[in-house]
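Notes to accompany the following structure.
These numbers come from a predicted model, not from an experiment. Naming: A, B, ... by sequence-line order, numbering from 1 per chain.
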Amino acid sequence: MGIELENLNSEQLKAATHFEGPLLILAGAGSGKTRVLTHRIAWLIEEKDVKPWNICAITFTNKAAGEMRERVNRMVGFGAEAINVSTFHSACVRILRRFIDRIGYGTNFVIYDSDDSKNVMKDVCRSLEIDTKVYKERMFLGRISSAKDELISPGQFLEMAQGDLQEELAGRVYAEYQNRLHRSNALDFDDLIGLTVELFRKAPDVLDYYQERFRYIMVDEYQDTNKAQFVFVSLLAHKYRNLCVVGDDDQSIYRFRGADIGNILNFEQIFPDAEVIRLEQNYRSTQKILDAANAVIANNSARKSKKLWTSNGAGDQLTFRRFHTAREEAVFITEDIARKKRKGICDYRESAVLYRTNAQSRVLEEQLLYENIPYTIIGGVNFYARKEIKDLLAYLKAIDNSKDDLAVKRIINIPKRGIGATSISRIDHYAVSHELSFYEACRMADKIPGIGRGGLKVRAFVDFTEQLKARADGEGPVNILKEVIEKTGYVEELRLEMTDEAADRIANIDELISKAAAYEDAVREAQADSADSQGADLQGFLAEVALVADIDSLEGDSDRVPLMTLHSAKGLEFENVYLAGMDQGIFPTYHAISSEDSSDLEEERRLCYVGITRAKRFLTLTSAQTRLLRGEMMWYKVSDFVDEIPEELLDDNRWTESGASDENTGGSLGEKFGSLSDNVKAAAGSLSHKLTRAQAMKRKEHEEFSQKPFYLKASQTASSAAGKGKGNVAGLRTGADLRAGAALEYAEGDRVSHVKFGEGTVREIREGGRDKEVTVEFDNFGVKKMFAAFAKLKKLDR
DNA sequence: AAGTGTTAAATTTTT
DNA sequence: TTTAACACTT
């Protein structure tokens with residue numbers, strides 16, 4: 001029985017039944033490329049008798065890989081699990097785990113994330129005596145990363161730098177950085193690709209092994225590959241030349257990270273015998289949405305011309321709205337989402353809000369919280385970058401591989417063991433001068449000069465770690481984690497803090513444990529493979545964790561509004577899409593506008609194209625006249641991209657709010673909204689249990705002032721020499737003033753909740769000068785008197 | 001050594 | 001607004 005191919009259009013069919021030789025699929029947005037890929041895999045297996053394990057599909061993100069995996073499983077059925085579906089990075093990790101010893105690393109290498117890299121760079125700068133005021137660590141890291149993307153070694157870098165002092169310095173930094181990584185048997189993200197290429201080049205037998213293994217290679221999002229990835233793929237495909245790449249040059253949005261759009265634009269030059277197939281029929285969006293996308297992208301010059309079309313029908317007008325403030329923008333979006341939900345037009349999960357920078361999520365988030373609409377933020381602060389997670393993972397890393405200097409240094413004084421900066425740098429010196437790892441130096445603590453009593457403490461740390469190691473032997477990640485938590489008292493310490501923030505951290509730790517458990521389950525299921533040793537379990541877990549950018553929060557069946565950057569939206573689709581922040585200077589960014597390189601603007605435009613084409617039915621673009629940028633009010637014009645959309649497609653109903661179509665209404669309005677936002681934040685704070693540190697600090701301020709309240713005019717504080725911190729508080733006070741006469745949502749006898757004190761009952765509300773004084777009897781904190789404006793009390797339903 | 005407070009500086013976008 | 005680095009105190 002053959003596979004079903006009749007649902008494919010003729011171009012898709014041609015692509016899905018391409019057997020051997022290079023193939024370039026130019027797949028416009030929403031043209032069903034994943035469908036084509038999965039069908040082709042199924043077709044190869046069933047019609048051409050290709051062995052599943054000879055097929056390798058490579059994507060960029062775990063999300064994409066997971067999706068593809070799922071769809072392949074559904075289509076192929078038996079044998080599907082043997083197909084290699086992975087990201088570039090995880091594919092390389094697997095190869096390196098097996099063979100990296102051929103190029104002078106240990107197979108138990110660790111993977112450093114960007115945070116780790118930065119720490120290494122700090123050490124490098126210190127040891128090379130570089131003034132980080134003049135040369136920023138970030139700058140060096142950026143240079144190194146692009147060098148690695150281009151497969152340029154430190155040696156080559158230095159060679160090319162001849163004569164240029166700055167370049168030479170960068171070269172020395174690169175060399176030292178790489179040295180340190182090597183000494184710690186550590187690889188950064190870029191090394192994963194680069195060293196695999198190096199391995200392939202230096203060990204032809206290994207390359208041959210993988211060429212035989214992966215005879216049919218498919219690469220998704222090919223437009224985002226960089227040089228190193230290109231070479232990796234080319235090497236793999238060189239023998240059988242069965243390379244199928246799928247991409248859309250109009251959706252290339254990672255040039256800043258080294259993606260080389262030339263890889264797709266020149267594919268036909270590199271593989272002259274390549275078949276080229278264009279998928280231009282869009283199955284996702286309405287014609288009007290496509291018209292808008294086509295019109296915008298038409299302003300770019302360097303591209304393969306193509307025009308999306310659909311048989312889906314014209315659809316609704318797109319919406320454009322301009323607001324005075326980002327807050328109003330958020331209110332509008334939130335209300336529109338709520339309305340569509342109410343009317344049964346769109347579930348929350350089908351209404352996505354997209355923005356250019358993560359910082360923009362803030363206002364939207366607050367408004368959604370305020371309106372009690374469930375949402376998830378995709379991306380943003382990386383789960384695995386949180387302190388508590390990194391701490392515990394550092395323990396696991398140190399247990400797994402004591403050569404991991406960074407991990408050992410991180411935990412040596414967690415919990416506090418009285419080992420401070422001085423001792424650590426003594427150990428470090430000793431380690432470097434004796435060519436020992438940091439941990440080995442710790443073991444010889446008594447021999448380290450000048451360490452004095454510190455030696456005893458270090459000794460104790462070593463004993464502690466050795467004990468953990470012994471107990472960890474043969475255990476899985478979950479048990480090791482639990483052991484670490486118990487022996488270090490990490491969670492216990494947090495529990496004693498009794499703050500919301502600590503509770504939050506504990507919740508994160510719980511999540512980490514479930515992640516570990518999920519990993520163990522997955523391994524158990526896939527146990528058909530070789531009987532890995534127990535140590536590999538911990539290692540595997542650490543490797544996986546290192547490659548996961550964010551906990552996959554879009555999954556799950558809960559109905560939530562997804563919020564994300566335009567970048568993370570690539571590859572996704574939603575019924576109803578909001579492009580928030582269509583302001584010149586935000587999107588396109590200030591950088592792109594002021595750049596003399598016009599391709600910077602073109603990349604922004606492609607990003608806009610990506611955003612527009614995420615929408616299936618409804619597309620709303622919003623803009624705000626003023627926004628708070630780093631606490632400062634900024635004015636913005638409407639994004640040029642909006643003007644690039646033909647007017648007849650837009651329901652351009654600007655300034656729907658009463659009054660004010662005057663672009664010059666200014667300051668007082670901003671102030672008002674600035675302070676209002678604090679009230680909203682207050683409400684948001686009590687709704688969510690997730691408080692940022694900033695909110696916690698603000699809360700502290702509130703408490704201080706609610707005990708000792710006094711009022712100042714905002715202008716007085718601002719003009720005083722008090723400085724920035726106080727100016728902040730002035731805003732809050734303005735908020736209090738504004739609200740002072742306002743009715744409270746709760747009355748005496750009502751149940752209320754407070755961010756810090758939890759739930760309680762209102763005993764008394766009294767007029768107290770400018771504000772109302774509320775007395776609350778809290779269930780766990782006794783009776784407190786507070787001013788209404790600061791208390792941020794939220795009424796509870798009985 | 002550890003905690004506190006003050007100041008300067010920074011932002012695209014992420015595997 | 002938020003973060004990190006530095007100085008200063010205990």
Side-chain angles (χ1 to χ4, degrees), chain A residues 58-65 86-93 111 113-114 118-119 122 132-133 136-138 142 145 148-149 188-193 221 224-226 228-229 252-259 354-360 362-363 378-382 384-385 413 415-424 453-454 457 546-550 564-570 581 585-595 600 603-604 606-608 610-611 627-634 674 677-678 681 692-698 722-728 731:
Chain A
I58 301 175
T59 65
F60 271 84
T61 67
N62 295 297
K63 197 167 56 192
S86 55
T87 64
F88 272 104
H89 296 269
S90 61
C92 288
V93 168
I111 302 164
D113 64 21
S114 35
K118 200 178 165 203
N119 283 325
K122 271 183 202 159
T132 52
K133 289 254 160 66
K136 296 270 176 285
E137 287 108 330
R138 251 181 333 104
S145 179
K148 287 182 175 181
D149 285 348
D188 66 18
F189 272 130
D190 302 312
D191 284 338
L192 294 177
I193 318 286
E221 307 282 12
D224 287 328
T225 49
N226 61 30
Q229 287 159 337
S252 162
I253 54 174
Y254 283 108
R255 208 180 53 128
F256 70 94
R257 210 174 62 196
L354 312 182
Y355 36 78
R356 180 64 240 263
T357 63
N358 277 310
Q360 291 168 255
R362 202 48 179 277
V363 205
I378 317 291
V381 245
N382 186 340
Y384 292 101
N413 205 25
K416 300 251 168 341
R417 297 186 173 90
I419 305 172
T422 334
S423 299
I424 290 176
R453 260 174 291 112
K457 295 172 183 165
L547 292 180
V548 175
D550 189 22
M564 70 193 92
T565 63
L566 287 153
H567 281 87
S568 12
K570 197 176 66 160
I586 299 274
F587 186 35
T589 61
Y590 172 74
H591 263 93
I593 297 167
S594 48
S595 163
D600 285 333
E603 173 137 325
E604 291 288 301
R606 290 193 292 271
L607 194 53
C608 184
V610 167
R627 271 170 213 284
L628 253 33
L629 180 71
R630 296 190 215 132
E632 231 187 318
M633 181 82 63
M634 306 288 278
S677 90
D678 286 312
K681 230 179 267 178
T692 64
R693 193 169 312 143
Q695 282 171 307
M697 269 178 64
K698 210 160 258 178
K724 284 182 190 168
K726 295 270 162 73
N728 201 348

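- Residue A/His89 places its side chain closer to B/dT15 than to any other of B/dA10, B/dT13, B/dT15.
- You'll find that the side chain of A/Arg257 is closest to B/dT15, out of B/dA10, B/dT15, C/dT2.
- Under the rule for a side chain to side chain donor-acceptor pair (under 3.5 Å), the partners of A/Glu604 that lie at least two apart in sequence or sit in another chain are A/Arg356.
- The side chain to side chain donor-acceptor pair (under 3.5 Å) search around A/Asp191 returns A/Lys148, A/Gln178, not counting sequence neighbours.
- In terms of the side chain to side chain contact (heavy atoms under 4.5 Å, CB included) criterion, residue partners of A/Asn358 (sequence neighbours excluded) are, by chain and number, A/Tyr355, A/Thr565.
- Residues that satisfy the ring pair (Phe, Tyr, Trp, His ring centres under 6.0 Å) test with A/Phe256, not counting sequence neighbours, are A/Tyr254, A/His567.
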Between the protein and nucleotides 5-7 of chain C, are there any N/O to N/O pairs under 3.5 Å, and if so, what are the atom names and distances?
from, atom 1, to, atom 2, distance (Å)
C/dA5, OP1, A/Lys122, NZ, 2.9

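- Residues passing the side chain to side chain contact (heavy atoms under 4.5 Å, CB included) test with A/Ile419 are A/Ile412, A/Asn413, A/Arg417, A/Ser423, A/Ile424, A/Lys457, A/Val458, A/Phe461, sequence neighbours excluded.
- Every residue meeting the side chain to side chain donor-acceptor pair (under 3.5 Å) condition with A/Ser145, not counting sequence neighbours, appears here in chain and number order: A/Asp190.
- When heavy atoms are screened at a 4.0 angstrom cut-off, A/Ser114 is found touching no nucleic acid atom at all.
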Between protein and nucleic acid, restricted to nucleotides 1-3 of chain B and to nitrogen or oxygen atoms under 3.5 Å apart, what atom pairs and distances do you find?
from, atom 1, to, atom 2, distance (Å)
B/dA1, OP1, A/Gly420, N, 3.0
B/dA1, OP2, A/Thr422, OG1, 2.5
B/dA2, OP1, A/Gly418, N, 3.4
B/dA2, OP2, A/Asn413, ND2, 3.1

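- A/Arg257 meets the side chain to side chain donor-acceptor pair (under 3.5 Å) test with no other residue; sequence neighbours excluded.
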